[in-house]
Protein chains: 2
Amino acid sequence: MASADAPYPVQEIADAWERERPGTPVSAIGIVTPVWQLAKLLGDDRRRVLARAGVDTATLDLLSVLRRAGEPYTLSTRDLAARSMVTAGAVSQRVARAEREGLVVRRTGEGRPRTVWVELTPAGHELVERTVDQVLHREAELIGGLTPDQQRQLAGLLKILLQDVQVRLGDNRITQVGG
Amino acid sequence: MASADAPYPVQEIADAWERERPGTPVSAIGIVTPVWQLAKLLGDDRRRVLARAGVDTATLDLLSVLRRAGEPYTLSTRDLAARSMVTAGAVSQRVARAEREGLVVRRTGEGRPRTVWVELTPAGHELVERTVDQVLHREAELIGGLTPDQQRQLAGLLKILLQDVQVRLGDNRITQVGG
DNA sequence: AGGTCTATATTTAGGCCTAAACGTAACATC
DNA sequence: GATGTTACGTTTAGGCCTAAATATAGACCT
């Protein structure tokens with residue numbers, strides 16, 4: 001059985017809370033719920049696309065981060081955790097899985113002390129080249145119902161919201177200047 | 001260690017692909033990536049908020065769906081799967097966990113044949129009442145950096161996108177994958 | 001130098017999920 | 001009435017993740 005494919009209408013959720021519990025603070029539902037539903041639909045779809053290529057989304061995420069970093073396709077596990085938004089433990093497991101499949105190698109003893117460097121192997125590089133366009137093209141199709149102008153508007157609003165949520169979550173780190 | 005807290009800048013991801021692989025179809029990144037990053041940040045935060053109340057997000061989701069449905073707080077597992085956007089197997093496990101904790105009960109033999117009905121217990125009802133405002137209020141705070149007008153715009157665009165993605169996934173279903 | 005602290009990465013325990021295999025029960029058809 | 005089909009819910013196997021417990025190895029201090 002496939003995972004569910006039809007998100008439940010957001011408006012009905014807010015209305016139901018209002019009906020059942022008048023005064024429930026529903027103001028965030030119109031944004032938070034569709035964000036989760038979209039993430040779920042897109043994530044499920046990406047997983048199915050990648051399954052055909054014999055890879056899982058977590059592994060491709062790791063390989064993609066390394067590939068995008070450019071030569072020499074090497075990052076510390078610390079950087080990998082930050083760029084993937086997962087815990088250090090998750091990175092350790094991702095790297096172990098990918099290393100077992102020959103997609104990356106671990107190296108230590110160079111540069112900063114105590115850091116573990118992870119480098120893409122030719123096989124890992126090849127896997128990215130073979131799958132990334134497929135995934136990105138598919139997603140471009142999926143959001144293609146919005147006009148270019150709507151896409152720009154939406155991307156702009158999401159960017160503002162993301163930066164703001166980040167600040168409110170207590171991360172006061174400055175990640176970007178301007179723009 | 002907590003999960004990662006700072007999303008990686010979306011623009012840098014698209015720029016990196018362009019630099020490393022000119023021609024990579026990056027047009028969806030400005031929307032898909034922030035949607036995932038927001039879902040991750042909001043999901044992590046909700047999990048931590050609920051952990052203090054001794055409940056997990058999957059269980060509260062189940063209880064909330066039942067609570068919102070109104071009297072007699074009863075739905076079939078079929079409805080639960082559709083409204084939760086998870087597989088039937090996941091619903092079965094969610095209900096089993098919640099039943100073990102006395103938050104719901106299962107009943108069969110009524111109404112449609114072969115359907116299992118899940119009903120909220122008083123304890124389950126109480127848990128929803130005790131936590132849902134907390135969660136929703138917190139999320140309203142987190143998105144509070146957008147002006148009311150921006151929130152309306154964003155909600156509107158997300159609604160359009162969601163409906164459109166749903167249609168495209170329905171048409172363009174991926175054929176079955178082995179393994 | 002030795003003990004303690006600190007910063008990292010890894011391992012472990014436990015949770016949730018998907019996909020697929022199962023087990024059942026109503027139904028249609030012969 | 002027997003049998004194949006279909007519609008469900010559950011169970012199983014395996015994957016990924018978080019949080020916390022474990023190593024480890026420099027740094028710091030007395």
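Below, chains carry the letters A, B, ... as their sequence lines are ordered, and counting in each starts from 1.
Atom CG in B/L50 sits roughly 16 Å away from atom C1' in D/dA19 (whole-Å rounding). At whole-Å resolution of the value, CZ in B/R100 and C1' in C/dC16 are 12 Å apart. Taking atom CZ on B/R94 and atom C1' on C/dT18, their separation rounds to 13 Å, with Å as the unit. Rounded to whole Å, atom P of C/dA19 lies 13 Å from atom CG of A/D56. In this structure, the CE atom of B/M85 is 14 Å from the C1' atom of C/dT18, given to the nearest Å. Atom C1' of nucleotide C/dC16 and atom CZ of A/R47 are separated by 13 Å, given to the nearest angstrom. Atom-to-atom, CH2 of B/W117 to C1' of D/dG9 comes out at 14 Å; the value is rounded to the nearest Å. Rounded to whole Å, the distance from CD on A/E101 to P on D/dG15 is 10 Å.
Put simply, A/K40 has no side-chain N or O that comes within less than 4.0 Å of OP1 or OP2 on C/dC16. Here B/T87 reaches the OP1 or OP2 of C/dT18: one of its side-chain N or O atoms lies under 4.0 Å away.
Using a 4.0 Å cut-off between charged side-chain N and carboxylate O, A/D15 and A/R19 make no salt bridge. At a threshold of 4.0 Å, the pair B/E101-B/R97 does not count as salt-bridged, since none of the basic side-chain nitrogens sits closer than that to a carboxylate oxygen. The pair A/R46-A/E139 meets the salt-bridge criterion, with a side-chain N (NZ, NE, NH1 or NH2) lying under 4.0 Å from an Asp/Glu carboxylate O.
The shortest side-chain heavy-atom distance between A/V165 and B/L38 falls under the 4.5 Å cut-off.
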TODO: At under 4.0 Å between heavy atoms, which parts of nucleotides 8-14 of chain C does protein reach? Answer with one letter per nucleotide, 5' to 3': B base, S sugar-phosphate only, - none.
DONE: SSBBB--
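Checked against side chain to side chain contact (heavy atoms under 4.5 Å, CB included), B/D45 has the following partners two or more places apart in sequence or in another chain: A/L169, B/V49, B/R138, B/L142. The side-chain hydrogen bond (donor to acceptor under 3.5 Å, both in side chains) check on B/E99 picks up B/R106, with sequence neighbours excluded. In this structure, B/T33 has no side-chain hydrogen bond (donor to acceptor under 3.5 Å, both in side chains) partners at least two apart in sequence or on a different chain.
The stretch residues 57-65 of chain A has no heavy atom under 4.0 angstrom from DNA chain C at all.
Applying the salt bridge (charged side-chain N to carboxylate O under 4.0 Å, His left out) rule to pairs touching residues 59-78 of chain A yields A/D61-A/R94, A/R67-A/E129, A/R67-B/E20, sequence neighbours excluded.
No path of Ile, Leu, Val, Met, Phe, Trp and Tyr side chains, each step under 4.5 Å between heavy atoms, connects A/W117 with A/V95, placing them in separate hydrophobic clusters.
Side-chain proximity of B/R97 to D/dT18, C/dC17, D/dC16: nearest is C/dC17.
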